[in-house]
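The next block holds one structure in the form of structure tokens; read it before the comments.
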Amino acid sequence: MGHGRFSLSRRVVLAGIAAPFVGAGRSLAGQIKAIERDIAAPALSLPLLSGGLASLDSFPTQPVIVAFWATWCVPCRAELPALSRLNDSQMVRVFAVNAGEPEARIAPFVDRIGLQTLPIVIDPHRRAMVDWRVTALPTAYIVGPDRRIKFLVLGDIDWESDAVRDQIAALQS
């Protein structure tokens, strides 16, 4: 019984934290929340595990998913391969922002589960997590080509479902 109350109160807290980003939006599959307010995506300028720099400006005409994750997060680990395939499809670009773990932990994990083509962003000081108001993992934002946040995803989701893919395809310019 105590566990259920904790779980419910945690959801309420998370909903309160996400409130600045989420209006009275419609939801898709119970997990994607449409952003009703016009909110510019925070800047993203961090190193990539493969070298170079992650920047939303790198893909000016495409939607981008900014997905926050960690190697210890079981739901994150489950959805990363689907995010990698989605990125490979080029219907959307994905930045998988790691939540402050050292490269020595991230690199072997990426190799072990075969994420070599997924852009892995290193956020050693969790600066992006603060800027993007991330309070739980996994959390993802779907950003339109206009660099406005269109959807917020709290928790894991089936990134390969038709409903999710249709929402992303609708954002393409």
Side-chain angles (χ1 to χ4, degrees), residues 4-46 54-70 73-76 78-100 118-121 123 126-173:
R5 276 197 304 253
F6 173 76
S7 182
L8 177 60
S9 66
R10 183 172 178 216
R11 285 186 200 127
V12 171
V13 168
L14 289 176
I17 291 168
F21 285 132
V22 181
R26 63 194 184 279
S27 69
L28 173 68
Q31 296 173 325
I32 291 184
K33 303 289 184 196
I35 304 302
E36 296 294 323
R37 295 175 31 203
D38 188 31
I39 299 174
L44 183 66
S45 183
L46 290 167
S55 171
L56 293 176
D57 297 334
S58 300
F59 303 103
T61 62
Q62 284 187 287
V64 176
I65 296 172
V66 180
F68 292 87
W69 69 282
C73 169
V74 174
C76 300
E79 72 179 10
L80 282 170
L83 283 167
S84 183
R85 289 187 294 276
L86 196 55
N87 184 69
D88 292 346
S89 77
Q90 297 191 4
M91 88 177 300
V92 63
R93 305 316 299 180
V94 177
F95 285 130
V97 183
N98 181 270
L118 182 63
I120 303 294
V121 179
D123 187 14
R126 296 186 177 124
R127 188 178 76 220
M129 289 184 69
V130 170
D131 292 347
W132 288 75
R133 299 183 183 185
V134 174
T135 60
L137 296 176
T139 293
Y141 293 90
I142 303 174
V143 179
D146 61 355
R147 295 305 164 243
R148 311 307 269 180
I149 296 174
K150 303 301 183 183
F151 297 97
L152 167 64
V153 181
L154 295 173
D156 58 328
I157 191 167
D158 179 3
W159 287 102
E160 295 176 304
S161 75
D162 289 339
V164 171
R165 292 175 77 83
D166 289 349
Q167 288 290 29
I168 293 169
L171 297 176
Q172 294 176 334
S173 55

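Keep in mind the model is a prediction, meaning the values are calculated, not measured.
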> Going by heavy atoms in the side chains, are Arg165 and Leu86 under 4.5 Å from each other?
Replying inline: yes
> Can you name the residues that form a side chain to side chain contact (heavy atoms under 4.5 Å, CB included) with Ser45, not counting sequence neighbours?
Replying inline: Leu53
> Can you list every pair that meets salt bridge (Lys or Arg N to Asp or Glu O under 4.0 Å) and has a residue in residues 138-157, with sequence neighbours left out?
Replying inline: Asp38-Arg148, Asp146-Lys150
> Looking at Pro63 and Pro145, what are the two nearest heavy atoms and their distance?
Replying inline: N-CG, 4.0 Å
> If you look at every heavy atom in Ile32 and Val164, which pair is closest and at what distance?
Replying inline: CD1-CG2, 3.8 Å
>> For Asp162, I'd like to know if atom CG has over 12 heavy atoms of other residues, nucleotides or ligands within 6.0 Å.
In response: no
> In Å and rounded to the nearest 0.5 Å, what is the CD1 to CE distance from Ile168 to Met91?
Replying inline: 6.0 Å
>> If you define the side chain from C-beta out and look only at heavy atoms, does anything of Trp132 sit under 4.5 Å from Leu152?
In response: no
> Closest approach of Ala99 and Arg126, non-hydrogen atoms and distance?
Replying inline: O-NE, 3.2 Å
> Judged by atom type as modelled, is there a donor-acceptor pair below 3.5 Å linking the side chain of Gln167 to the main-chain atoms of Ala34?
Replying inline: no
> When rounded to the nearest 0.5 angstrom, what distance separates CG in Leu56 from OH in Tyr141?
Replying inline: 13.0 Å
> Roughly how far apart are Ile120 CD1 and Phe95 CZ, rounded to 0.5 Å?
Replying inline: 11.0 Å
> How would you list, by chain and number, every residue that makes a side chain to side chain contact (heavy atoms under 4.5 Å, CB included) with Ser58, sequence neighbours excluded?
Replying inline: Ser55
>> Any heavy-atom pair between the side chains of Ser84 and Asp88 that's under 4.5 Å?
In response: yes
> What are the two closest non-hydrogen atoms of Ala140 and Trp159, and how far apart are they?
Replying inline: CB-CZ2, 3.7 Å
> Nearest heavy-atom pair of Leu137 and Met129: which atoms, and what distance?
Replying inline: CD2-CE, 4.3 Å
>> I need the single residue from Val153, Val143, Leu83 that forms a side chain to side chain contact (heavy atoms under 4.5 Å, CB included) with Ile65. Which is it?
In response: Leu83
> What are the two closest non-hydrogen atoms of Glu160 and Arg85, and how far apart are they?
Replying inline: OE2-NE, 2.7 Å
> Taking Asp123 for the side chain and Val97 for the main chain, is one N or O donor matched with an acceptor at less than 3.5 Å?
Replying inline: no
>> Rounded at 0.5 Å granularity, tell me how far CG in Leu44 sits from CG in Asp57.
In response: 9.5 Å
